[in-house]
Amino acid sequence: QVQLVESGGGLVQAGGSLRLSCAASRSIFSISAMGWYRQAPGKERELVATFTGGNTNYADSVKGRFTISRANAKNTVDLQMNRLKPDDTAVYYCHAYYKGTYWGQGTQVTVSS
């Protein structure tokens with residue numbers, strides 16, 4: 001079982017930056033996939049950025065603006081979000097796959113125009 005706790009959401013103006021952090025309850029070395037998804041009002045949950053095996057994947061809409069990173073010693077996966085746009089407004093969820101799918105509780109990111 002894996003527990004995921006997100007932090008770092010908030011309100012920011014367009015063009016600004018935020019950093020999200022997800023802390024896992026077990027070593028992230030043992031987790032097959034881990035990353036971030038988001039869900040905007042009235043829309044389906046979508047992939048933002050993930051580590052899967054040895055690969056890093058980004059949604060086209062965030063490439064060049066968002067960077068996912070991991071700190072193995074702290075069992076955390078962070079998402080640095082730069083040049084934020086109003087379209088980035090959503091609840092951001094940390095995701096992990098370890099013998100099953102796990103989600104964090106979500107953190108709200110609101111980008112004002």
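Just so we're clear, the structure is a prediction, and the values are computed from it rather than from any experiment. In what follows, residues are counted from 1 in the order of the sequence shown.
Judged by distance alone, with hydrogens and angles left aside, the side-chain atoms of R26 form no donor-acceptor pair with the main-chain N or O of I31 at under 3.5 Å. In terms of modelled atom types and a separation under 3.5 Å, the side chain of T50 and the main chain of T52 share no donor-acceptor contact. Remark: side-chain polar atoms of Y58 are paired, donor with acceptor, to backbone N or O of I68 under 3.5 angstrom. Judged by distance alone, the side chain of Q108 and the main-chain N or O of G9 form no donor-acceptor pair under 3.5 Å. Between the side chain of E6 and the main chain of C94, a donor-acceptor pair closer than 3.5 Å is present. No donor-acceptor pair closer than 3.5 Å links the side chain of T76 to the backbone N or O of A23.
Using cut-offs of 30° and 60° for the angle between ring planes, the Y92 and F66 rings count as tilted.
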Exercise. After noting the C-alpha distance and the side-chain angles of F51 and R70, does the key distance pass the side chain to side chain contact (heavy atoms under 4.5 Å, CB included) rule?
Worked result: CA-CA 9 Å; F51 292 109; R70 57 196 296 166; 3.9 Å; yes
Exercise. Please walk me through it: do R38 and V62 pass side chain to side chain contact (heavy atoms under 4.5 Å, CB included)?
Worked result: CA-CA 12 Å; R38 67 186 181 187; V62 307; 4.0 Å; yes
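Clustering ILVMFWY residues whenever any of their side-chain heavy atoms sit less than 4.5 angstrom apart, transitively, puts L47 in a cluster other than the one holding V77. A continuous path of hydrophobic side-chain contacts links W103 to V91 [ILVMFWY only; heavy atoms under 4.5 Å]. Note on Y97: it does not cluster hydrophobically with Y93, by side-chain heavy-atom contacts below 4.5 Å among ILVMFWY residues. Each of Y37 and M81 belongs to its own hydrophobic cluster when Ile, Leu, Val, Met, Phe, Trp and Tyr are linked at side-chain heavy-atom distances under 4.5 angstrom. At a threshold of 4.5 Å between side-chain heavy atoms, the hydrophobic network of Ile, Leu, Val, Met, Phe, Trp and Tyr places L4 and Y98 in one connected group.
Across every non-hydrogen atom of Y102 and V2, the tightest pair is CD2-O, 3.3 Å. Nearest heavy atoms, V12 versus L84: CG1-CD1, 3.6 Å. Smallest separation of non-hydrogen atoms from C22 and M34: SG-CE, 3.8 Å. Scanning both residues, S113 and A14, for their nearest heavy atoms gives CA-CB, 4.4 Å.
Between the side chains of D78 and Q80, no donor-acceptor pair of N or O atoms lies under 3.5 Å.
Taking a cutoff of 4.0 Å between a charged side-chain nitrogen and a carboxylate oxygen, K85 and D88 do not qualify as a salt bridge.
Within 6.0 Å of CD on Q3 lie no more than 12 heavy atoms contributed by other residues, nucleotides or ligands.
Rounding to the nearest 0.5 angstrom, the gap separating the CG atom in N75 from the OG atom in S25 is 8.5 Å.
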